[in-house]
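These notes concern the structure reproduced below.
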Number of protein chains: 2
Amino acid sequence: MAFQMKDRRHTDPPLAADCCPGALARVSCRSCALNTLCLPARLSPQEARIFDGVVERGRQLASGGSLIRAGTRMDALYVVRSGSAKRYSVSLNGTERVHGFVLPGETAGLEGFACDRYACEVAALEPTSYCRIPLTRLEPLLDHLPGLRREMLRLLGEALDESLRLRAELGMCDARGRVARFLADLSRRLELRGLSPTQFRLSMSRGDIARHLGLTLETVSRALGTFKRSGWLEVRARYITLLRPEALASMGGYAA
Amino acid sequence: MAFQMKDRRHTDPPLAADCCPGALARVSCRSCALNTLCLPARLSPQEARIFDGVVERGRQLASGGSLIRAGTRMDALYVVRSGSAKRYSVSLNGTERVHGFVLPGETAGLEGFACDRYACEVAALEPTSYCRIPLTRLEPLLDHLPGLRREMLRLLGEALDESLRLRAELGMCDARGRVARFLADLSRRLELRGLSPTQFRLSMSRGDIARHLGLTLETVSRALGTFKRSGWLEVRARYITLLRPEALASMGGYAA
DNA sequence: ATCTGCACTTGACACGGATCAAAGATCATG
DNA sequence: CATGATCTTTGATCCGTGTCAAGTGCAGAT
């Protein structure tokens, strides 16, 4: 459970969604802590109930564990329930590019619709639990649940939009602007999940952030150092405290 | 009709799809020159026939004309039939970011599924004709045509995948590599459409290419100059002749 | 408690591409 | 065909970021 500020290290309090690990496999979407964010959030009650029946819950992954392997046949969608993961791809020469980070309630594997194979690796950045939605069970549902169909299109559209927006925004600001944008975006997403938008732990390394933003890890480190000296935030290892979020947000510039 | 080498200027020979402008509005997808590339290409004959009925054909746009306005309500998908267009967005400070170029048979407006509004501007780069597929007619079809449903998911997945891949590839090569990749990609797509992969006219300006690749127009111009001096291609204004496509392709590196 | 490895920070330097500036080519117009 | 507007090329300079190289601090292992 990253993304939660802790006074003492190594005593991560559990997130709501997995406070009772034994019950995980039995719980329904309706009683899940993420039900306002997750895939079934916009379905009608009846649709949500039917959808509920096809979700495989309670799967766990250790830090570094692989959720999706690039190139394998697409057979399911995955929704992170607690913890976090990174989506990335590895080029022929071995360099890694991080496409994004998957937070609780977010879906991975969507790009597999392109050619029935996953294009990205997805790996846990910390102990992570997730739900699996097998396509063989999802597909038939699309016949009779127009809401679910719309939701699938919406999810894909959103992923596309986010990817375009990311490219646009990163493309036109310098290194510090990119890091600022990254922090502001993360802060916003954590707040959506009921976590503190100003105090959190980064589950990803500086290198991951760098490979996500198209920078080097040294440059990311320097950007954080600059923000720290400016009094905009505090950094201690992966623990971040935002002191002047507005400053970061304005610098990262959610430019439409 | 750009993307076709001409000996004399201003005498653009028409593409197959619109050789008889008067007949445009009546023609069906089956008899369209793009039918192996376009949206209905993977539908069963019956499905394709039904889909045919909802397509509004024969729409025309002058160079610079607007196909989609960002922020307006999403009410249709658009498929370019002849000519070409650019997808772009304009930030608050007025800077423009080009997300990509739409070639005949390619679909624009997909990102609108995210929130029922288009996120990108799409504008013709030359006299362009296109088909419009209204959502009000498309939606009901999804109930009964599983092939069309799959095709929609595939289209969105492909757009997502392409966006991710673009970011990954551009992110890790220098200016010349990006321009090389751009040319190699364009060449490939032109060949798919039965046009010459080695001789073509760029319908977009150097500035458009630059804003697409995250460079300045001067840098794009210099990259082309370098390739020219290396004997890899010939450039005369917007007319390109690739002399050593392999060199460009290897430089652009379709790195998986 | 000390060692070892890993992630991160900090510094020095070089280089690619942005920026500014100006000239040259091409296209649209009358 | 001449003219002005726009697009493109080319040159000079500067800055930001990548690269290389130490050095620091924390965490788990011995």
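Protein chains get the first letters and strands the later ones, always in sequence-line order, with residue 1 at the start of each.
Taken over five-pair windows at either terminus, the axes of the helix from C:dA1-D:dT30 to C:dG30-D:dC1 are inclined to one another by 40° (rounded to 10 degrees).
Protein atom CD of B:E126 is 16 Å distant from nucleotide atom C1' of C:dC27, rounded to whole Å. Counting to the nearest Å, the P atom of D:dC7 and the CD1 atom of B:I240 are 17 Å from each other. Taking atom CG on B:L202 and atom P on C:dC27, their separation rounds to 13 Å, with Å as the unit. The distance from atom CG of B:D174 to atom C1' of D:dG18 is 13 Å, rounded to the nearest whole Å. Here D:dT9 presents its C1' atom at 14 Å from CD1 of B:I209, a figure rounded to the nearest Å. Spacing between atom CZ of B:R176 and atom C1' of C:dG16 amounts to 9 Å, rounded to whole angstrom units. For the pair B:R236 CZ and D:dT9 C1', the interatomic distance rounds to 16 Å; values are reported in whole Å. Put simply, CZ on B:R178 is 10 Å from C1' on C:dG17, counting in whole angstrom units.
Residue pairs meeting the salt bridge (Lys or Arg N to Asp or Glu O under 4.0 Å) criterion with at least one partner in residues 170-179 of chain A, sequence neighbours excluded, do not occur; the list is empty. The salt bridge (Lys or Arg N to Asp or Glu O under 4.0 Å) analysis of residues 86-103 of chain A, with sequence neighbours excluded, yields the pairs A:K86-A:E96, A:K86-A:D208, A:E96-A:R211. The salt bridge (Lys or Arg N to Asp or Glu O under 4.0 Å) contacts involving residues 222-235 of chain B comprise nothing, where partners must be two or more places apart or lie in separate chains. Contacts classified as ring-ring contact (aromatic ring centres under 6.0 Å, His included) and involving residues 207-237 of chain B (residues at least two apart or in different chains) are given here: B:F101-B:H212, B:F227-B:W232.
For the side chain to side chain donor-acceptor pair (under 3.5 Å) test, no residue two or more places apart in sequence or in another chain qualifies with B:Y88. Listed by chain and number, the residues in a side chain to side chain donor-acceptor pair (under 3.5 Å) with A:S163 are B:S163 (sequence neighbours excluded). Evaluation of the side-chain contact (heavy atoms from CB on, under 4.5 Å) rule for A:R69 yields A:S66, A:T72, A:E121 as partners, not counting sequence neighbours. Evaluation of the side chain to side chain donor-acceptor pair (under 3.5 Å) rule for A:T219 yields A:T216 as partners, not counting sequence neighbours. For B:Y118, the side chain to side chain donor-acceptor pair (under 3.5 Å) partners at least two apart in sequence or on another chain are B:D75.
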Please write out each protein N/O paired with an N/O of nucleotides 23-25 of chain C under 3.5 Å, distance rounded to 0.1 Å.
none

Heavy-atom protein contacts under 4.0 Å, nucleotides 5-10 of chain C, coded B base, S sugar-phosphate only, - none: --SSBB
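With hydrogens and angles ignored, the 3.5 Å screen pairs a side-chain donor or acceptor of B:R117 with a backbone N or O of B:G71.
Summarising the geometry, atom OG1 belonging to A:T128 is positioned 10.0 Å from atom CG belonging to A:L103; distances are rounded to the nearest 0.5 Å.
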